[in-house]
Amino acid sequence: MKWKITFYSDKVETQTLKFPTGILANFLHIAEMIEKLGPNLGKPYVGRLDSGLYEIRAKGKEGIGRSAYCVVKGKEVVILHSFIKKSQKTSKKDLDLAKKRMKEVSK
């Protein structure tokens, strides 16, 4: 069975699809790999943020995009939050938002 990728909300889907062209192309490539092979691809494609919380690590000539996700029932990956990375470390605000949303979808 293939993996399924869904978005936490329409807003998150819109945020993600508004990534600059190069970053979006890389994101879509990684998303296709997750659908075929599962979410445990490892670096450079995905990374671990926190317990149960991971990130898609999309790069392009325009910069770096991140999409925080978690795995829920069955073979479903939920994209919780997407943003363009502006510093070396993921901001506490972005991390806290993703954790809050993960708790909501994991109930």
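On a predicted model such as this, the values are computed, not experimentally measured, just so you know. We use all heavy atoms of the structure for the numbers below, so side chains are in, but hydrogens, waters and symmetry mates are not.
- Ile23 and Ile64 sit in two unconnected hydrophobic clusters of ILVMFWY residues. Membership requires side-chain heavy atoms under 4.5 Å apart, directly or through other members.
- One N or O on the side chain of Lys85 and one on the backbone of Gln88 form a donor-acceptor pair closer than 3.5 Å.
- Listed by first and then second residue, the salt bridge (Lys or Arg N to Asp or Glu O under 4.0 Å) pairs involving residues 45-57 are Asp50-Lys99, Glu55-Arg57, Glu55-Arg66 (not counting sequence neighbours).
- In this structure the side chain of Val12 reaches within 4.5 angstrom of the side chain of Gln15, judged on heavy atoms.
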Do Val105 and Tyr8 pass the side chain to side chain contact (heavy atoms under 4.5 Å, CB included) test, and can you show the C-alpha distance, the side-chain angles, and the key distance before you say yes or no?
CA-CA 8 Å; Val105 298; Tyr8 172 79; 3.8 Å; yes

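- Note that the CG atom of Leu17 and the OG atom of Ser82 stand 8.5 Å from one another [nearest 0.5 Å].
- Ion pairing of Glu104 with Lys100 is present here, as a side-chain N (NZ or NE/NH1/NH2) and a carboxylate O approach within less than 4.0 Å.
- Put simply, CD1 on Ile34 and NZ on Lys4 are 15.0 Å apart, with the number rounded to the nearest 0.5 Å.
- Side chain of Asn26 to main chain of Gly60: no donor-acceptor pair is present (N/O by atom type, distance under 3.5 Å, no hydrogens or angles).
- Side-chain heavy atoms closer than 4.5 Å link hydrophobic residues (I, L, V, M, F, W, Y) into clusters, and following such links, even through other members, never connects Tyr69 to Leu97.
- Taking CG from Leu95 and NZ from Lys92, the interatomic distance works out to 7.5 Å, rounded to the nearest 0.5 Å.
- Contact check for Ile84 versus Pro20: side-chain heavy atoms found under the 4.5 Å cut-off.
- For the pair Val72/Cys70, a side-chain contact is recorded, criterion being any heavy-atom separation below 4.5 Å from C-beta on.
- At a threshold of 4.5 Å between non-hydrogen side-chain atoms, the residues Thr90 and Phe83 count as touching.
- Pairs of residues two or more places apart, or lying in two chains, never qualify as ring-ring contact (aromatic ring centres under 6.0 Å, His included) while including a residue from residues 23-46.
- Contact annotation: the side chain of Lys2 never approaches that of Lys75 to less than 4.5 Å [non-hydrogen atoms, C-beta and beyond].
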